[in-house]
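No hydrogens, no waters, no symmetry mates; every other heavy atom, side chains included, goes into these values. Every chain is numbered from 1 and lettered A, B, ... according to where its sequence line falls, protein lines coming before strand lines. Remember, predicted model here, so these are calculated numbers, not experimental data.
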Amino acid sequence: MSDLTKSPDPVEPLLKVDGLVKHFPIKKGVLQRTVGAVQAVDGISFDVRPGETLGVVGESGCGKSTMGRLITRLLEPTGGRVEFEGKDITHLSVGQMRPLRKDVQMIFQDPYSSLNPRHTIGTIVGAPFRLQRVTPEGGVKKSVQELLSLVGLNPEHYNRYPHEFSGGQRQRIGIARALALKPRLVVADEPVSALDVSIQAQVVNLLDDLQDELGLTYVIIAHDLSVIRHVSDRIAVMYLGKIVELSDRQPLYETPMHPYTKALLSAVPVPDPKRRAARTSRILLRGDVPSPISPPSGCRFHTRCWKATTVCKTTEPPLLELAPAHRVACHHPENAQDQQPTDTERLAGAPTQDEVVRTSE
Amino acid sequence: MTAPIETTAASAEAQPEAVLAGAGRSQIEGRSLGQIAWTRFKRDKAAMAGGVVVVCLVLMAALSKPIQAIFDLDPNKLNQDLVDPALQAPKGAWGGMSWDHPLGVDPGFGRDLLARVIEGSWVSLLVAVGATLVSVLIGVILGVMAGYYGGWVDSVVSRLMDTFLAFPLLLFAISLSASVQDGFWGLTGLPLRIAVLIFVIGFFAWPYIGRIVRAQTMSLREREFVEASRSLGARGPFIIFRELMPNLVAPILVYATLLIPTNILFEAALSFLGVGIAPPQASWGGMLTDAADRYESDLQYMFVPGLAIFITVLAFNLLGDGLRDALDPRSK
Ligand SMILES: Nc1ncnc2c1ncn2[C@@H]1O[C@H](COP(=O)(O)OP(=O)(O)OP(=O)(O)O)[C@@H](O)[C@H]1O
Ligand code: SF4
Ligand SMILES: [Mg+2]
């Protein structure tokens, strides 16, 4: 993909997220009193540079979709700041956001629910032009047909309905709709997780090709590290509403620092048999993700971490740059200097290394 | 990439459909869900029969005056010579059936029953369809608002629905039609009666359709295509009318079709209780009341309006069920 991330000179970011928070209030009773909050996204910061692909991974429920909806401003943040091309869009109203919608588009997870079953493909892919009152050169129909060919569909299928297409084809239709207005930033929320494994690579490759062709910037959300391996320039790992590791792709896959990242990586199938031999252990995370309504104190991962010590329960580890372009939020990172070397007392109740690490397959 | 393979597969299967949709268009034409539903509906014999009967009934109701004129049928012509005043029954067998009066005559005044059934059909259908439209209009507007906007709008509408459903409708209908006997909004006589019936029946049945529309809207608004529309800058009205409504048409159509027979029965019941259509205007409910008073002397009389109501209600129900099956095969 692009080489932008490799160059050290600071590029003005396309998207700048600072301390982003989204809490969904939980209301109860007849009076609808607020009794708590789902802390779906709890203070995350990152940049997206023009032309790059930022991969965001994390288990189900860790707030990835909420993050995607916040940066596309389908949701209003509870706190923090979102800047797009230097413009603060954190609290813009629906009307103020409208012109910006041309530049920020979204690809959705479920190709069966993201296309209106009562509209033809022509209407669906042409909707961006109508809604944004853009008259493309040569008319809407011609543009829609060009978009359909661009994503590898037959432009003659203009008048067909979504139910006549397969999941992979529908996802291509969703991609065509997202690209209609030539956006700067595309947020793809698990764009292939609903698809057959055999089709996933095709759609990912299509996204990759389109990025080169149209100069797009992507934020691609995924729930494991395998899908986005080849398309991401940088990767952010999320756990319970927080970013726990943010790094260029290479260091993240080769020298992961956060124990959670290591666990996620150990679950990625290794395609290369030579390297497969090199991988000796598989880490099994015990238990469920804790509830985002009352997340664990200190490091949110301490209930499942085999390296947890006393400090992990009491103090939240800051997201620090421990290696060039490699940030991690952990007191006892792997592949880096221990941040709390004096704190060695293992946390009572935390799983031991033997419990989680399975040697070889 | 294997994209070309996917598309060729699709265009290969497209051929027969293109022929189906065919007729002069060189382009590949998709079949909408509506067209598919129609194909499915045509295969459903009972629903088709119901549909044909409904069409005939509607034609009969709409053309009742011309039909009466052409066939020289007069629902209000008295034929005292055809009834036996002592027996309080029509002269002759089978309730006075004859070539001139195929369904016989009424035992009180000797009026032609065929003419009265035809005359009654437009009253029944007008009230039933009118009331259904009132219910659908109120129910759809409030149901969509509650389902789409949620929050306090939903709370208010939901409480309103509960209130309306808890209302002692029959008592209200009786007292209302008693109190507007002599003119309201410039309406008098029969038009007033019909307006009151449409209002009473329609205004109190809307929560049923409102609830269905609300639930459907709530599930539709969570679908990603609504979010996609919002991410393109669409606002509430656009989403409601362009994204949600096309998906609501089918359930609304089905429910409206199934509401009509209920309303026909309700109108008949109100007329039967004497608070609906007043005599001498012919109505199916009114004929039933009349027949019930004289069932000892002329049992057959009761079957004429009874069958008319039965056939109409059955036909609408078959049609509605067929529509539901055709439009949403999963709901079976
Ligand atoms: N509108 C909402 N109201 C209340 N809670 C919500 C809402 N949307 C999301 N949540 C909660 O916020 C948390 C994060 O949800 P989110 O959908 O962002 O997770 P995710 O990482 O995308 O998960 P998945 O992989 O399952 O899509 C979850 O606990 C979810 O229940
Ligand atoms: S801070 Fe402690 S609990 Fe959290 S990941 Fe690091 S070692 Fe594990
Ligand atoms: Mg999600």
Side-chain angles (χ1 to χ4, degrees), chain A residues 32 69 72-74 94-95 97-102 104-121 123-124 127-128 130-132 151-154 156-166 168-169 172 174 177-178 180-181 187 189 198-199 201-202 205-206 209, chain B residues 1-15 17-18 21 25-37 150-152 154-155 158-159 219-236 238-239 241-250 327-328:
Chain A
Q32 294 289 291
R69 292 186 165 99
T72 51
R73 276 304 321 278
L74 288 169
V94 176
M97 216 24 230
R98 215 178 137 94
L100 281 165
R101 299 255 172 239
K102 277 205 259 310
V104 184
Q105 272 302 302
M106 209 161 168
I107 295 168
F108 294 89
Q109 174 174 358
D110 179 2
Y112 290 87
S113 117
S114 64
L115 308 178
N116 193 328
R118 302 278 162 180
H119 289 168
T120 61
I121 302 317
T123 310
I124 290 169
R130 295 192 187 90
L131 274 164
Q132 287 286 337
V151 297
L153 292 172
N154 185 348
E156 301 274 284
H157 290 171
Y158 184 86
N159 277 320
R160 297 179 135 225
Y161 288 83
H163 64 88
E164 300 171 87
F165 294 88
S166 69
Q169 290 174 319
R172 287 166 192 267
R177 168 176 60 192
L181 299 169
V187 177
D189 187 358
S198 55
I199 305 167
Q202 289 173 22
N205 290 341
L206 171 69
D209 294 345
Chain B
M1 299 212 106
T2 44
I5 297 171
E6 258 186 69
T7 36
T8 33
S11 41
E13 95 202 4
Q15 293 318 316
E17 275 167 11
R25 296 215 194 183
S26 57
Q27 224 182 17
I28 300 173
E29 188 82 35
R31 290 199 310 153
S32 71
L33 294 182
Q35 286 163 303
I36 290 173
W152 66 267
D154 186 29
S155 304
S158 296
R159 291 301 83 75
S219 90
L220 281 172
R221 62 157 290 164
E222 297 304 322
R223 305 271 287 275
E224 282 175 348
F225 64 78
V226 172
E227 199 141 42
S229 203
R230 286 210 295 135
S231 78
L232 288 164
R235 286 164 210 249
F238 181 94
I239 291 172
F241 289 107
R242 301 294 298 277
E243 303 285 0
L244 302 183
M245 275 301 179
N247 290 283
L248 290 172
V249 167
L327 290 167
D328 184 7

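With a 4.5 Å cut-off on side-chain heavy atoms, B:R235 and A:R98 count as touching.
Only the backbone of A:L115 comes within contact range of chain B, judged by heavy atoms closer than 4.5 Å. Contacts between B:S229 and chain A at a heavy-atom distance below 4.5 Å involve backbone atoms as well as side-chain atoms. Using a 4.5 Å cut-off between heavy atoms, B:I36 touches chain A through its side chain atoms alone.
Ranked by heavy-atom pairs under 4.5 Å with chain B, the first of A:R73, A:R118, A:Q132, A:Q109 is A:R118. Of the residues considered (A:T72, A:D110, A:V94), A:D110 shows the highest number of contacts with chain B, using heavy-atom pairs under 4.5 Å.
To the nearest 0.5 Å, atom CG of residue B:L232 and atom CZ of residue A:R177 are 7.0 Å apart. Atom-to-atom distance recorded for B:S231:OG and A:Q105:CD is 4.5 Å, nearest 0.5 angstrom. To the nearest 0.5 angstrom, B:I239 atom CD1 is 11.0 Å from A:N116 atom CG. Rounding to the nearest 0.5 Å places CG of B:N247 at 7.5 Å from NE2 of A:H119.
Within 6.0 Å of CZ in B:R221 there are more than 12 heavy atoms belonging to other residues, nucleotides or ligands.
Listed by chain and number, the residues in a salt bridge (charged side-chain N to carboxylate O under 4.0 Å, His left out) with A:R69 are B:E227 (sequence neighbours excluded).
Listed here is the closest heavy atom pair of A:S114 and B:A228: O-CB, 4.4 Å. The two residues B:R230 and A:R101 have their closest heavy-atom pair at O-NE, 3.5 Å.
Formation of a donor-acceptor pair under 3.5 Å by the A:S113 side chain with backbone atoms of B:E224 is found in this model.
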